[in-house]
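Heavy-atom basis, side chains included; hydrogens, waters and symmetry copies ignored. Numbers restart at 1 for each chain; the letters A, B, ... are given by sequence-line order, proteins then strands.
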Amino acid sequence: MSARAAVLARLAAAQRTARLPTPAAAKPLVSTPRSVAECRERFARELAGLGVDCHAESSPEAVRARVSALIEGKKVLSWDPDQMPYGVGALLSGAARGSSPRAEQAQAEIGVTGCHGAIAETGSLAVLSGPGHSRSVSLLPPVHVAIVSPPDFCFTMGEFFAREAGRIGAAACCTFITGPSRTADIELTLTLGVHGPGKVVVVVGP
Amino acid sequence: MSDPVQLFHTCLVNEIAPEVGMAAVRLLERLGHRVEVPLAQTCCGQPAYNAGFHDEAKAAARHTLDVLGATTGPIVIPSGSCGDMVIHQYEVLFRDEPEWRDKAHAVAERCRELSQFLADEWARMPDRPRLKARIAYHPSCHLLRGLGVSDAPLSLLRAIEGVTLAEVKDQDECCGFGGLFSVKQPEISGSMMERKLASVAASGAGRLVSCDLGCLMHLGGGLRRQGSPIAVQHLAQVLDEALP
Amino acid sequence: MNEAPAFPLRVRSALGDERLHVALGRATEALRSRRSAAIGSLEGFDEVRDLARKIKMELLADLSTHLQRFEERLVANGVTVHWAETGADANRIVGEIAKSHAVRRIVKSKSMATEETHLNHALQREGMEVVETDLGEYIVQLAEDRPSHIILPIIHLTREDVGDVMHRRIGVPRTGDPQTLAAYARAKLREEFLGADMGITGANFGVVETGTICLVTNEGNGRMVTTLPRVHVAVMGIEKLVPTLADLDAFLKLLARSATGQKITTYTTLIRGPRRAGDECGPEAMHVVLLDNGRSRILSGENAEILGCIRCGACLNACPIYKSIGGHAYGDTYPGPIGAIVTPGLRGLHGWSDLPAASTLCGACRDVCPIRLDIPRMLLGLRRDTVREEGAPLSLRLGLKVFAWIAPRPALYRAATRMARALLRFRARDGWLRHAPGLASGWTRMRDLRAPAARTFQQLWKERKS
């Protein structure tokens with residue numbers, strides 16, 4: 001008998017004798033839809049609590065100016081230019097990409113991405129893997145800059161799952177990023193940047 | 001004529017601290033109740049149950065259910081742990097024996113832990129309690145989490161003019177008694193006791209009050225071993241003392 | 001088979017360790033207060049717990065169907081699925097996967113399931129290099145120690161201890177500064193991430209509907225080991241499923257809040273399979289090992305609900321016994337209240353019956369459990385099983401047999417208690433005993449014993465009535 005058959009047989013037998021509680025009906029999770037303005041406000045508040053710098057810019061030019069200032073003089077790793085909103089791609093012609101040699105990617109000082117969702121309730125960025133929007137960009141460099149545009153907003157993760165089911169299904173990996181990488185393993189002392197980016201900056205466009 | 005109140009006094013009250021039982025009787029009578037004590041009661045069986053000896057626990061439980069089942073009226077229990085045993089655990093113990101489970105259910109419905117019972121009726125108490133004391137209250141685990149009784153003892157203590165409730169760090173944490181645990185794992189029990197007593201001492205209280213004699217014997221024994229002047233009392237004794 | 005030194009010895013050693021005591025007190029208090037603050041941030045927290053409990057209990061009732069469906073989806077996603085009846089099987093399977101992919105260097109993200117099976121040792125015996133990448137687990141590995149808390153593995157070590165380990169094992173200049181130590185670890189482990197052939201993870205959740213593995217971390221090592229190496233293996237306990245992504249949402253709301261007091265951990269990663277066509281990174285091959293190792297046996301009994309545990313560690317932080325003795329005293333992978341049930345469940349009661357007995361049944365664990373697991377009920381059941389299967393000391397058995405005989409016979413009961421009272425009163429001074437005999441001697445080791453009363457309550461009552 002294969003291991004699979006053995007485990008399934010044991011489970012089938014176990015389920016017959018299992019003494020499991022039968023909990024009463026429970027309220028399903030519901031979330032009331034929120035306006036973009038509410039999402040924006042809550043998102044900014046959450047980011048502040050996470051120690052993430054959040055820049056709200058009122059025009060595409062301002063977004064580009066902000067990104068330009070952030071990447072000034074730094075080795076950049078980024079999503080492909082055609083994946084970036086607000087024409088930010090034009091600033092990234094010299095940047096390493098997900099298709100660049102790994103050693104080059106690992107040298108980058110700053111990673112620039114867009115996002116596929118911005119979860120207001122928790123201040124999380126949702127990033128899906130795929131050609132031109134590689135996972136390594138938001139993972140390898142010590143600083144991560146993410147550009148958010150209003151259509152990205154939803155209030156809860158549950159809403160994101162519902163809204164983006166198709167895109168999530170097409171991607172190998174979906175990651176929610178909530179603030180900088182952190183650990184408190186040594187005597188409960190907080191340390192940032194082990195192992196993902198220790199600094200996250202969010203630029204929210206109009 | 002209304003039903004009398006049946007007192008399930010518990011082993012520890014009977015053998016170690018009968019004055020707690022007498023205080024409970026006086027409190028109930030002051031509230032206008034006629035108190036009866038079913039004399040055939042022995043033990044609820046909790047120590048056996050907690051130690052895993054369920055057959056032995058059932059022997060005590062069946063007798064308890066027979067004795068209490070033969071009475072009428074509310075049943076008052078001056079102990080959170082015995083209260084939880086009779087009110088909740090009997091039905092679990094007899095889960096696979098429908099006849100006894102039903103008897104357990106019928107008895108459980110009539111049972112109230114003492115502070116629950118008193119708090120429900122305290123507005124009818126004709127006399128005003130007065131006592132100058134700084135009291136550290138210890139909520140026993142079976143009372144707090146088993147029976148869900150958290151406010152009743154506090155409201156009764158607050159009703160006493162002159163009583164200050166001391167702030168006890170980690171007040172809801174278990175004192176380490178745990179029935180037979182206190183003798184089967186004495187070092188862990190002792191470690192937990194020391195933590196609790198340190199919090200009590202730091203609170204500046206002159207008295208430690210609880211609704212469970214097990215906890216009181218454990219903590220009181222520890223205080224005595226430390227040579228501490230902090231007095232230890234059951235809630236019934238404090239209320240009794242405070243009334244004229 | 002329990003190979004650790006006996007429980008009483010482990011307890012004694014832990015209780016004698018003042019530094020451990022301070023560390024445990026500080027850590028559990030911090031985590032408890034963070035949890036309290038975090039659950040305040042979620043409206044309807046208790047209702048989400050009810051929902052999570054319902055989802056898990058219904059799932060467990062038909063686990064075999066859900067597992068098969070999960071496997072179908074995994075396979076459709078391009079994942080190779082393996083079934084492991086025992087821990088040894090899981091280790092063998094992972095070893096074979098590694099060999100089939102010509103793997104030599106392995107990086108691991110924290111996985112309790114693989115600690116349960118002692119996977120690292122098995123792979124190292126096969127000549128493979130395995131590096132733990134969760135900072136706490138990395139230190140544990142360097143120190144050849146064992147984790148003592150589900151969420152904070154090195155809570156029992158000071159910063160100086162960590163500095164010492166890193167100095168001795170990887171040549172880091174001596175320091176006790178956590179930031180410096182973490183920076184060295186980051187640099188060292190980054191080399192490992194970039195050079196590894198295979199990444200091994202556990203799985204916090206497996207989503208049936210989508211065939212997705214969900215990993216929850218704060219450091220990002222979970223992302224590193226599932227993005228950079230060319231092979232990814234996830235070892236998942238068969239009970240870790242949730243039916244849909246919508247259900248996952250509920251569990252994610254509970255897990256981080258209960259574990260660390262965060263609304264959500266820094267990285268929540270949903271992995272559907274190996275890299276897709278056109279992806280620039282991600283593993284070329286992904287394997288999932290479904291681990292039984294005693295879970296089906298637990299499911300068959302009255303402790304089945306323990307399989308609903310989501311490994312948040314809240315029960316450890318609430319438990320006054322854990323606070324006193326720490327994680328190592330529990331002797332196996334899972335410490336605290338959850339360990340007291342899971343360890344005898346997975347390993348068998350023999351040799352582990354001390355664990356369910358080491359509790360006052362205070363219920364603090366049940367109060368904080370996000371799945372509302374009735375831990376005290378299950379501990380009581382295990383104690384009953386212990387008496388039936390393992391027996392008990394003769395004195396206790398005889399004593400309780402006598403008790404069972406006299407408890408329904410009031411006259412005999414009174415006679416027996418009268419004798420006991422007289423004996424204790426005889427030995428008392430000023431109403432107290434400092435040295436009690438027999439079973440009660442454990443009592444007087446720690447505290448004085450109040451002598452029984454001269455007359456019982458019933459005697460006083462009868463006098464009053466007459």
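Nearest heavy-atom pair across A:V7 and C:E85 is CG2-CG, 3.8 Å. Nearest approach of A:F161 to C:L270, heavy atoms of both residues: CE2-CD1, 3.5 Å. Across A:L190 and C:Q179, no two heavy atoms sit closer than the pair O-NE2, 3.1 Å. Closest non-hydrogen pair, C:Y267 versus A:S181, comes out as OH-CB, 3.4 Å. Here the closest heavy-atom approach between residue C:L63 and residue A:Q15 is recorded as N-OE1, 3.0 Å. Heavy-atom minimum distance, A:R10 versus C:S296: NE-OG, 3.3 Å.
With a threshold of 4.5 angstrom between heavy atoms, C:D292 approaches chain A through side-chain atoms but not through N, CA, C or O. Proximity to chain A (any heavy atom under 4.5 Å) is restricted, for C:T265, to the backbone atoms N, CA, C and O. With a threshold of 4.5 angstrom between heavy atoms, C:A27 approaches chain A through its backbone and through its side chain. For C:A52, no part lies under 4.5 angstrom from a heavy atom of chain A. Proximity to chain A (any heavy atom under 4.5 Å) is shown, for C:T210, by neither the backbone nor the side chain. Interface remark: A:T189 contributes side-chain atoms only to the contact with chain C (heavy atom separation under 4.5 Å). Looking at A:A171, only its backbone comes within 4.5 Å of chain C, counting heavy atoms on both sides. With a 4.5 Å cut-off on non-hydrogen atoms, A:A103 does not touch chain C at all. With a 4.5 angstrom heavy-atom cutoff, A:P197 touches chain C via backbone and side-chain atoms both. Both the backbone and the side chain of A:S138 come within contact range of chain C, each with at least one heavy atom under 4.5 Å from a heavy atom of that chain. A:R135 touches chain C through backbone and side chain together, each having a heavy atom under 4.5 Å away. A:L50 does not touch chain C: none of its heavy atoms, backbone or side chain, sits under 4.5 Å away. Only the side chain of A:E46 comes within contact range of chain C, with heavy atoms under 4.5 Å apart. The part of C:L157 that comes within reach of chain A is its backbone (N, CA, C, O), which places non-hydrogen atoms under 4.5 angstrom from that chain.
Atom OG1 of residue A:T178 and atom CD of residue C:Q262 lie 8.5 Å apart, to the nearest 0.5 angstrom. Between the NZ atom in C:K56 and the CG atom in A:L20 there is a gap of 12.0 Å [rounded to 0.5 Å]. The distance from atom CD1 of C:I155 to atom CD1 of A:I186, rounded to the nearest 0.5 Å, is 11.0 Å. Interatomic distance, CG of C:L245 versus CD of A:E164, reported as 12.5 Å (0.5 Å rounding). The structure places CG of A:L11 at 10.0 Å from CG of C:L60, a figure rounded to the nearest 0.5 Å. Taking NE2 from C:H82 and OG from A:S2, the interatomic distance works out to 13.5 Å, rounded to the nearest 0.5 Å.
If you tally non-hydrogen atom pairs under 4.5 Å between each of C:N77, C:V162, C:D62 and chain A, the highest count goes to C:D62. Highest contact tally toward chain C, considering only A:V127, A:T156, A:I168, A:T22, is held by A:I168 [criterion: heavy-atom pairs under 4.5 Å]. Your options are A:A170, A:A106, A:G158, A:A18, and the one with the most heavy-atom pairs under 4.5 Å with chain C is A:A18. The candidate with the highest count of non-hydrogen atom pairs below 4.5 Å against chain A, out of C:P178, C:G136, C:A23, is C:P178. Ranking A:A25, A:P21, A:S129, A:A6 against chain C, the residue ahead of the rest is A:P21, based on heavy-atom pairs under 4.5 Å. Ranked by heavy-atom pairs under 4.5 Å with chain A, the first of C:D89, C:D50, C:T158, C:D134 is C:T158. With chain A as partner, the option from C:R276, C:K263, C:E302 having the largest number of non-hydrogen pairs under 4.5 angstrom is C:R276. Of the listed residues (C:R26, C:E71, C:R297), the greatest number of heavy-atom pairs within a distance under 4.5 Å of chain A belongs to C:E71. Interface check for chain C: of the options A:T122, A:L139, A:L8, the most heavy-atom pairs under 4.5 Å are formed by A:L139. Ranked by heavy-atom pairs under 4.5 Å with chain A, the first of C:L152, C:L252, C:L215 is C:L152. Between chain C and the options A:A12, A:G193, A:G179, A:A13, the largest number of non-hydrogen pairs under 4.5 Å is found for A:G193. Counting heavy-atom pairs closer than 4.5 Å to chain C, the top-ranked of the candidates A:A162, A:G132, A:A9 is A:G132.
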Practice task
Any chance you could lay out the side chain to side chain contact (heavy atoms under 4.5 Å, CB included) test for A:L29 and C:K253, step after step, and finish with the verdict?
Solution key: CA-CA 10 Å; A:L29 284 181; C:K253 281 174 159 40; 4.1 Å; yes
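Put simply, the side chain of A:R102 gets close to the backbone of C:L228: a donor and an acceptor are under 3.5 Å apart. Judged by distance alone, the side chain of A:H195 and the main-chain N or O of C:F193 form no donor-acceptor pair under 3.5 Å. Although no hydrogens or angles enter the test, the distance criterion places a donor-acceptor pair under 3.5 Å between the side chain of A:E187 and the main chain of C:R159.
Counting heavy atoms from C-beta outward, C:Q68 and A:R4 have side chains that approach closer than 4.5 Å. Taking the side chain as every heavy atom from C-beta outward, A:S124 and C:I264 approach each other to under 4.5 Å. At least one side-chain heavy atom of C:M224 sits less than 4.5 Å from a side-chain heavy atom of A:L140. Inter-residue side-chain proximity for C:D279 and A:P131 is flagged as met; some heavy-atom pair is nearer than 4.5 Å.
Using a cut-off of 4.0 Å between Lys/Arg side-chain N and Asp/Glu carboxylate O, C:E280 and A:R97 are scored as not salt-bridged.
For A:R163, there are no salt bridge (charged side-chain N to carboxylate O under 4.0 Å, His left out) partners at least two apart in sequence or on another chain.
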